[in-house]
Number of protein chains: 2
Amino acid sequence: MEYQEGKEKFIQAFGTLGSKWGINRTMAQVHALLLISPGPLCADDIMSELSISRGNANMNLRALIDWGLIYKELKAGERKEFFVAEKDMWKVVRQIMLQRKKRELAPIMEVLSELNEQVQGEGEEVEVLKKSVADMHNFGQSADKAIEKVVNSDENWLFNTFLKMLMK
Amino acid sequence: MEYQEGKEKFIQAFGTLGSKWGINRTMAQVHALLLISPGPLCADDIMSELSISRGNANMNLRALIDWGLIYKELKAGERKEFFVAEKDMWKVVRQIMLQRKKRELAPIMEVLSELNEQVQGEGEEVEVLKKSVADMHNFGQSADKAIEKVVNSDENWLFNTFLKMLMK
DNA sequence: TCTCTCTTTCAATTGTACCTGAAAGTTGTG
DNA sequence: CACAACTTTCAGGTACAATTGAAAGAGAGA
């Protein structure tokens, strides 16, 4: 397979994956493009590689910076901004886990806490609702803790060892 | 808070959560509704509770059965089909992990394997592409193994212990 | 200050996944 | 078989998110 074809397949696959996980297809593609670029790229590079508009490129680059997945880089003597991706896969995954926890786990946990405390009434249907809420709240807390531990495992020899075992 | 309000908030929150994770909003809402229903519901119950059409209800009920998250139940003397949700939170999460692994991890792993084996050529850009592909393939395999282990942890005392520790 | 280059914004457009409802299909019963 | 009770399908419509492109903004150097 030629380089160009491989590159396109990679970017394409990444975009599809992203969209199945609730992440903007283009954002995922920009990320993929930067991941396989040996050097920094500027907005125009990305626009022409992915055939997208200036506005779209700009929006998704900002979003990726916001997620902590790419960095802005300034070249001496150039006005243009360049971008590079974090290429350490473990850091990438860690960053994604943290961001999604913050953006999507946290809000629902708040709703669950509220329901946990405030739903009144009696009867079977109320009990079933309360139990569901409590179970999910519980599970969410466990998940939160597990994510924190995994994300910070570098600092913890014991968990690091267990994690490696888990993945073998 | 009254029961009805709590119920609506629960269903609403679940729907939002689902859509942020690439799961059909309505499917998540139907699931939520069944989770907090003391008894089985039929298609008409769901249509009126969620104000959705017959076709929509049918589609999403089939999908939920397909995911292994709800079951069909027949009542003696009734033609209608009734539905109940699996309410054990751990089984629910397990099922979702397995299904998503099958549906979304597997396809991209195939692309990565293909690229891993078939990308030809030399030069820095080819090397960077190859490295990205290899890293991701690696990570994907680890994730796959970790999911398998977590999902089957009931049978494995050591990992069960570890998991509990991870979540405390 | 003016101009040139690059970045950001946003109203209008486009794209896409989802939903509807009616019609066709299925199945049990008299 | 004919009917009634439900389920499934799907062509067309809707709603929402993503995208465009042009205009406004921002900053550096002459």
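Chain letters run A, B, ... following the sequence lines, proteins first, then strands; residues in each count from 1.
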Identify whether the distance between the nearest side-chain nitrogen and carboxylate oxygen of B:Asp45 and B:Lys80 falls below 4.0 Å.
no
Take atom CD of A:Glu2 as the centre, draw a 6.0 Å sphere, and report whether it contains more than 12 heavy atoms from other residues, nucleotides or ligands.
no
Does this structure show an ion pair linking B:Asp135 with B:Lys131, if we count only N-O contacts that are shorter than 4.0 Å?
yes
How long is the line joining CG of A:Asp44 and C1' of C:dT7, in whole Å?
11 Å
Each nucleotide in nucleotides 13-30 of chain C should get exactly one letter: B, S or -. Can you fill that in based on protein heavy atoms under 4.0 Å?
-----SSBB-----BS--
Spacing of A:Glu78 atom CD relative to C:dC6 atom C1', expressed in whole Å:
11 Å
Between D:dC16 (C1') and B:Lys20 (NZ): distance, integer Å:
14 Å
When rounded to whole Å, the CG to C1' distance for the pair A:Leu74 and C:dT5 reads 14 Å
On the nucleotide D:dT8, are OP1 or OP2 found under 4.0 Å from the side-chain N or O atoms that B:Asn58 carries?
yes
Do the side chains of A:Lys7 and B:Glu125 get close enough for a salt bridge, i.e. N-O under 4.0 angstrom?
no
The side chain to side chain contact (heavy atoms under 4.5 Å, CB included) partners of B:Glu104 (sequence neighbours excluded) come to A:Lys20, A:Trp21, B:Arg100
Round to a whole Å and report the spacing from NZ of A:Lys72 to C1' of C:dT8.
11 Å
Rounded off to whole Å, could you give me the CD1-to-C1' distance for the A:Ile46 and C:dT7 pair?
13 Å
Give the rounded distance in Å between these two atoms: CE of A:Met47 and C1' of C:dT8.
13 Å
Quick check for you: to the nearest 0.5 Å, what is the distance between A:Gln29 atom CD and A:Glu49 atom CD?
11.5 Å
Whole-Å distance between D:dT7 P and B:Leu41 CG?
13 Å
